[in-house]
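Worksheet: one structure, shown below.
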Amino acid sequence: DEPALLTDLYRPFGDRGLYYFAPSLNFESNIFNVWEGDARIAEAQIREGDLELAIGRELPSWGDYRLGVRSAFGETQLRVGDPLQIGDQDFRRGEFFGRFAADTMDSVSFPRAGTLASMEWRASRTSLHADDNFDQLLMSAAHAKTWGRHTMLATFRYDATISGEAPLNRLFRAGGFFDISGLNRNQLSGQHAARLGASWYRRIGDLALFPAFAGVSLELGNVWDSREDI
């Protein structure tokens, strides 16, 4: 339902190869749903092409930071539901961005130690041929700690439109497995999103040469259209 073609180039330079140039070109088609409670009342297809040019620096073995510019074009097409909820429209994006990321986790799926954190600032500007002027801040963090076979994983996410108003294709979405698991995938959307999570899991052995875990998670979060409603 959501095909994508993603390509990027990582080109180090400098005496130690710590600086890099990183262009990327992506084509994606995503589903955007409008919900009222647990009832889906509209469904749209968002198709877009995205070109990103970035320059950055590696922080050896644990992180990096980068600055760059993005340009995107696309269209939103209503598939099912009321046209007043989502109208067919073409859109353009043009953004400056800066991102910092740190990663010392020992596993992608079931980390037992380490921290993963990132912060990104987006500045959409009509001077870059964007449809709207707005600024967004995206922050996330996770930390894992293990005692014997037992692991605790704490997660945090906060995304905010800090100036202006983001269009449909730049709304923050939440819902789905480990992202407020009781909801459908991307069920919620808004100008602001926040989530706190905690997971406990225990290594119970190995199945077919792979480690096996059992555990539980608790997540608390929501999205809002106004900062005053948070």
Does Glu58 have any salt bridge (charged side-chain N to carboxylate O under 4.0 Å, His left out) partners at least two apart in sequence or in another chain, and if so, which?
-> none
Do the side chains of Leu171 and Gln191 get nearer than 4.5 Å, heavy atoms only?
-> yes
Could you give all pairs that pass the ring-ring contact (aromatic ring centres under 6.0 Å, His included) test and reach residues 160-207, with sequence neighbours left out?
-> Phe110-Tyr201, His150-Trp200, Tyr201-Phe213
Hey, is OH on Tyr10 packed in by over 12 heavy atoms from elsewhere, all under 6.0 Å?
-> yes
Sequence neighbours excluded, which residues qualify as salt bridge (charged side-chain N to carboxylate O under 4.0 Å, His left out) partners of Glu120?
-> Arg70, Arg99, Arg122
Sorted by first residue and then second, give each ring-ring contact (aromatic ring centres under 6.0 Å, His included) pair with at least one member in residues 77-97; sequence neighbours left out.
-> none
Side chains of Glu48 and Phe27 in contact at under 4.5 Å (non-hydrogen atoms) = no
Pairs satisfying side-chain hydrogen bond (donor to acceptor under 3.5 Å, both in side chains), at least one member in residues 102-113, at least two apart | none
Cut-off 3.5 Å, side chains only: do Glu219 and Ser181 have a donor facing an acceptor?
-> yes
Is there a donor-acceptor contact under 3.5 Å linking the side chains of Glu95 and Ser124?
-> no
Distance-only side-chain donor-acceptor flag, Tyr158 / Arg195, under 3.5 Å = no
Any sub-3.5 Å donor-acceptor pair from Thr151's side-chain atoms to Thr146's backbone N or O?
-> no
Gln45-Thr76 side chain donor-acceptor pair, cut-off 3.5 Å = no
Write out all pairs satisfying salt bridge (Lys or Arg N to Asp or Glu O under 4.0 Å) with one or both partners inside residues 137-159, taking only residues at least two apart or from two chains.
-> Arg157-Asp159, Arg157-Asp179
Under a 4.0 Å N-O cut-off, is there an ion pair linking Asp135 with Arg125?
-> yes
Look at the side-chain heavy atoms of Ile, Leu, Val, Met, Phe, Trp and Tyr, link any pair under 4.5 Å apart, and say whether Leu137 and Trp224 land in one connected group.
-> yes
Check whether more than 12 heavy atoms from other residues, nucleotides or ligands sit under 6.0 Å from atom CZ of Arg11, and answer yes or no.
-> no
